[in-house]
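Order of the sequence lines fixes the chain letters, A, B, ..., with proteins taken first and strands second; residue numbering starts at 1 for each chain.
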Amino acid sequence: MKNHWLVKQEPEAYSWQTFVQDGGTAWTGVRNYQARNNLRAMKPGDGVFYYHSGVDKAVVGLAEVAKEAYPDPTAKEGDWVAVELKPLKPFGQPVSLQVIKGDPLLKQMVLVRNSRLSVMPVTAQEFNRILTLGKTKR
DNA sequence: GCCAACGTTGGC
DNA sequence: GCCAACGTTGGC
């Protein structure tokens with residue numbers, strides 16, 4: 001069965017719009033063990049939510065894993081990995097952190113419980129709920 | 001701009 | 001191996 005994920009990025013650093021313009025990107029630069037382990041568990045075709053931290057604080061788009069984990073070319077030392085992500089579609093309606101925190105089905109998300117993690121798993125139930133709130137179909 | 005939460009580093 | 005100090009992230 002396919003897994004689902006959420007990646008976090010500040011829009012000032014690399015926005016969803018830029019991601020779409022690029023047609024995909026290598027998700028490099030992750031330097032946190034928990035996030036790295038999540039990158040390693042990603043498989044091509046897995047669904048990935050794109051979350052804007054900072055000014056937006058909302059899930060803004062749906063992407064998918066295009067290539068599984070490989071050694072991060074930007075890491076000078078250490079055992080770090082990158083994956084390749086490809087945009088699928090923007091949300092019809094961004095799903096804000098405020099909405100997530102107020103939703104009984106979503107308030108237990110890792111996004112809420114561990115706000116500092118930048119790559120995290122999303123359950124199938126959470127995934128479907130956010131797609132619904134985002135007025136988006138896979 | 002502040003601060004809480006979390007991870008990392010380094011002294012012991 | 002413990003823990004205090006420090007740095008970073010991200011929400012408010």
K.L.:
The side chain of A:Lys57 is closest to which nucleotide in this list: C:dG11, C:dG10, B:dT8?
P.N.:
C:dG11

K.L.:
Just the rounded figure in Å: distance from P of C:dT9 to NE2 of A:His52.
P.N.:
17 Å

K.L.:
So if I take every side-chain heavy atom of A:Lys101 and compare against C:dC12, C:dT8, C:dG10, which nucleotide ends up nearest?
P.N.:
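Out of C:dC12, C:dT8, C:dG10, the nucleotide with an atom closest to A:Lys101's side chain is C:dC12.
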
K.L.:
Give the rounded distance in Å between these two atoms: CH2 of A:Trp80 and P of B:dG7.
P.N.:
12 Å

K.L.:
Counting C-beta onward and ignoring hydrogens, is there a side-chain heavy-atom pair between A:Phe49 and A:Leu62 closer than 4.5 Å?
P.N.:
yes

K.L.:
Separation of A:Leu111 atom CG from B:dC6 atom C1', in whole Å?
P.N.:
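To the nearest whole Å, that distance equals 15 Å.
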
K.L.:
Starting at atom CZ of A:Arg116, determine the distance to atom P of B:dC3, rounded to an integer number of angstrom.
P.N.:
17 Å

K.L.:
I need the CG-P distance between A:Leu117 and B:dG7, as an integer number of Å.
P.N.:
8 Å

K.L.:
For the side chain of A:Ser118, starting at C-beta, report the closest nucleotide among B:dC6, C:dG10, C:dC12.
P.N.:
C:dG10

K.L.:
State whether A:Lys8 places a side-chain N or O below 4.0 Å from either non-bridging phosphate oxygen (OP1 or OP2) of C:dG10.
P.N.:
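Yes, within the criterion.
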
K.L.:
A:Asn114 side chain: which of C:dG10, B:dC6, C:dG11 is closest?
P.N.:
B:dC6

K.L.:
Between atom CD in A:Gln9 and atom C1' in C:dT9, what is the gap in whole Å?
P.N.:
12 Å

K.L.:
Does the gap between the ring centers of A:Tyr33 and A:Trp80 come in under 6.0 Å?
P.N.:
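Centroid separation for A:Tyr33 and A:Trp80: below 6.0 Å.
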
K.L.:
Side chains of A:Phe91 and A:Ile130: closer than 4.5 Å at any heavy-atom pair?
P.N.:
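A side-chain contact exists here, since the closest heavy-atom pair is under 4.5 Å.
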
K.L.:
Let's see if you can work this out: which of C:dG10, C:dC12, B:dG7 has an atom nearest to the side-chain heavy atoms of A:Asn32?
P.N.:
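So the nucleotide nearest the side chain must be B:dG7.
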
K.L.:
Is there a side-chain polar atom (N or O) of A:Tyr51 under 4.0 Å from OP1 or OP2 of C:dG11?
P.N.:
yes

K.L.:
Could you check if a side-chain atom of A:Val83 sits within less than 4.5 angstrom of a side-chain atom of A:Val48, using non-hydrogen atoms only?
P.N.:
no

K.L.:
For A:Trp5 and A:Asp46, run side chain to side chain donor-acceptor pair (under 3.5 Å): C-alpha distance rounded to whole Å, both residues' side-chain angles, the deciding distance at 0.1 Å, then the answer.
P.N.:
CA-CA 8 Å; A:Trp5 311 94; A:Asp46 281 359; 3.0 Å; yes

K.L.:
For A:Tyr33 and C:dT8, what is the distance between atoms OH and P respectively, to the nearest whole Å?
P.N.:
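So the two atoms are 17 Å apart, to the nearest Å.
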
K.L.:
In whole Å, I'd like the distance from the CZ atom of A:Arg36 to the P atom of B:dT8.
P.N.:
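To the nearest whole Å, that distance equals 10 Å.
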
